[in-house]
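Step one of this worksheet: look at the structure below.
Residue numbers start from 1 in every chain, and the chains themselves are labelled A, B, ... in the order their sequence lines are given, proteins ahead of strands.
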Amino acid sequence: MTESNSPLIIDVAVPLRLYTTFHYAVPPELAPLATTGVRVLVPFGRRKLTGYVIGIVAESEEELKPISAVLDPEPLFTSEELEFFRWSASYYLHPLGEVIKTALPAGINVESRKRQVCSADGMETEEEVLIGGKGVKRETFYRAVPSLELPANLRGKGLRIAEFLRTISEAAAGQLRREFGATPAHFRRLLELGLVEASEREVYRDPFREEVFAHDTPLVLNDSQSEALERIIAATDGRAFAPFLLHGVTGSGKTEVYLQSIAHVLDAGKTALVLVPEIALTPQLVKRFKSRFTCGIAVLHSGLSDGERYDEWRRIRRKEVSIVIGARSALFAPLSAIGIIVVDEEHEASYKQSEGFRYNARDLALVRGKMSKAVVILGSATPLLTTYHAAQEGKLGYLHLPHRVRNLPMPATELLDARGHKGDTFLPQLTSAIAKNLAAGGQTLLFLNRRGFATYLVCQDCGHVLRCPNCSVTLTYHRRRERHFCHYCDYSIPAPSVCPECDSQAIGLLGRGTERVEEEVRELFPLARVGRMDRDTTSGRGGHARVLKGLEDGTIDILIGTQMIAKGHDFPGVTLVGVVSADATLNIPDFRSSERTFQLISQVMGRAGRGDAPGKVLIQSLAPDHYAITHAVAHDFEGFYAEEISFRREVGYPPFTHLAALTLSGNSVAEVEKGAEAVAGVLHSTKRELKSRVEILGPVSAPLGKIRGRYRWQILLKSTGRAELHRLLARFKAGVKLPAVVRMAVDVDPVDML
DNA sequence: AAATACGGCGGC
DNA sequence: CCGCCGTATTTA
């Protein structure tokens, strides 16, 4: 180190809703440690916070406070990763410190809090305590001392442990506790007798500990799979950013293309990042990856404990893994030399984080891929319209898998007109198809995108409907719990026996959910083994896997479920799929509702006929003529997308305009109205100032309604250019001042990131 | 986010 | 003129 007269000054981002970063002085003894990427404890106001060093500052006129401590021996992120964080922060107009906090594993930061302490003389004093900060886990390992006879008086657990240790090189205390019920007393005894020696070292908390994975080899590809793989391989060899849409119908073997592409990337010494939309889908994918690859594989998703996630993160940072599989947050994994990024089921809305730092991992995957000069594969049977359009424009390579593997046919599909049968859950055709399938020993999936028993309760005398006092929605009746629930905020009340408004006994339950369909199926088919899969039956760790295992083992004949059953899983025994009501998602007031309906129905249909027996699909609909439904039923992807594209072009929605939504929320209509006025004012003046051609729609004249007790208003921005929209938003956000009680969220929704 | 500075207003 | 409370500002 060279001696310098001027002290080191660093630029620090703190994880707060602040758009500025802060300069600190570094005491000489800490200077060698305070490099870009490490966390530092800094005085902030009169408390202390964990901040992230994002750079070194040449000089500063002001008198700066010194940092209190350096928290990491080495950087948590590289300068390339920082560049990605900065890009994301700027694009989503979110404070850099919070972006970095989201990117790093949860629970590792420390901060100071004031705590009241009662001292001996009864006086209350304040003490500053540091809280938080997840550390590494250490564990004690025991190994048998070789060539020592076991004493005759050793028996019971102690003897079994000693014998076990002689057959194995060593074992962790935790394993001995689990397998032998070992206690600290046993360990003490064995140590005293000189039979074992103990050593302590750092361990990883492994979410897949003790699971054994079979080994498999690459499958033979069909022609379109081979062609897709060849194009991907050619692109990875080019070592430049190359994005692809892998459009493969359900059952077309997309995963096998991912696996073989990744194998090629690993051979070239690079790494792979695989994103899946939901935690529930990770176990089966991890199983396929662990069976195929011997390299280190890390898993990152919100279902892990903070400790497990921290350890997986450290394994990645230390380059002990070459493949990372995870949900949207895994996009920020500290993986270096990324050769390929796979976004599986890229159309899934769950790639978007909808609070705090509102990013879309599918969009950012393209950005990270571009920065890493990697191949990015967006895979789906029903890609986003914007993705498909970008592929048509040549911005993405288009890889098409139009057929199922092993030449399996697409399921035979029939559309049933449910008009005039409003009270019936099943039309006769569906009932007889279920009976026939049951008799033939096939499994049936029944899809209804609504959980609970009945969607609402209405009084037939006064018309009163049970509603949530916090949210503007009806309460759903759940029979098993004998309560009415709000599906937004979980508010609930016991089921009333009379109308709470007029005491009339003529109260009726209308609309059906999965719970009621399950009941009706049990009545119709008393001998069938019936299961249900929705948020109510899969709560808790492993709940998902429990239900799916029933299907896999063949202990379930008929499974009723919400969209959970539509996603990803591959069940060869399912030969019949019934869509109870195809219309629920069609009437959501969102310009994407047709697209979502087409995707959902296509995905559910895709569950049928994945095994050797052909599949059949019956779809009940009150809107059998709607183009989203007719095209889905006909497996006519191109027809639907062409129709949807021309509709979007006409009304000016993505992919022909970029959208941003500003959502205001507050505790009263008046509050939000005031906020909306302020926002609209600044937006329009900023627009004039920048001579921007961005279109400002709203504030809409009516509130969107109350959600979780807060009223919401929305303003939409439309723009033909992404840069122009961003310029307006950035200037607006810097200039707008909202009443403290009003919160604003900005959602940025692009045509594409390319 | 949390602490502090500011400012308007009722009470004496 | 002081204290109280709600709001705006600052945090390096």
Let me know the distance between [atom1] of [X] and [atom2] of [N], rounded to the nearest Å.
X         : N       : atom1 : atom2 : answer
Leu738(A) : dA8(C)  : CG    : P     : 11 Å
Leu49(A)  : dA3(B)  : CG    : P     : 11 Å
Phe44(A)  : dA1(B)  : CZ    : P     : 12 Å
Lys65(A)  : dA3(B)  : NZ    : C1'   : 11 Å
Lys48(A)  : dA12(C) : NZ    : P     : 12 Å

Inset, instruction - Could you tell me which nucleotide pairs with dC12(B) by Watson-Crick or G-U wobble geometry, both distances under 3.5 Å, or answer none if nothing does? - result: none
Legend entry - Nucleic acid contacts of residues 16-25 of chain A, taken as heavy-atom distances under 4.0 Å to DNA chain C: Leu18(A), Thr21(A), Phe22(A), His23(A), Tyr24(A)
[X]-[Y] side chain donor-acceptor pair, cut-off 3.5 Å:
X         : Y         : result
Ser492(A) : Arg483(A) : yes
Asn109(A) : Tyr52(A)  : yes
Tyr92(A)  : Gln353(A) : no

Legend entry - Results of salt bridge (Lys or Arg N to Asp or Glu O under 4.0 Å) for Arg318(A) - residues two or more places apart only: Glu202(A)
Legend entry - Arg46(A) side-chain N/O to dT11(C) phosphate OP1/OP2 under 4.0 Å: no
Legend entry - Donor-acceptor pair under 3.5 Å, Arg47(A) side chain vs dA3(B) base: no
Legend entry - Arg309(A)/Glu312(A) ion pair, N-O < 4.0 Å: no
Legend entry - Salt bridge Lys567(A)-Glu278(A), side-chain N to carboxylate O under 4.0 Å: yes
Inset, instruction - For Pro43(A), report the nucleic acid contact type (base, sugar-phosphate, nothing); a contact means any heavy atom under 4.0 Å. - result: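 Answer is sugar-phosphate: Pro43(A) comes under 4.0 Å of backbone atoms only.
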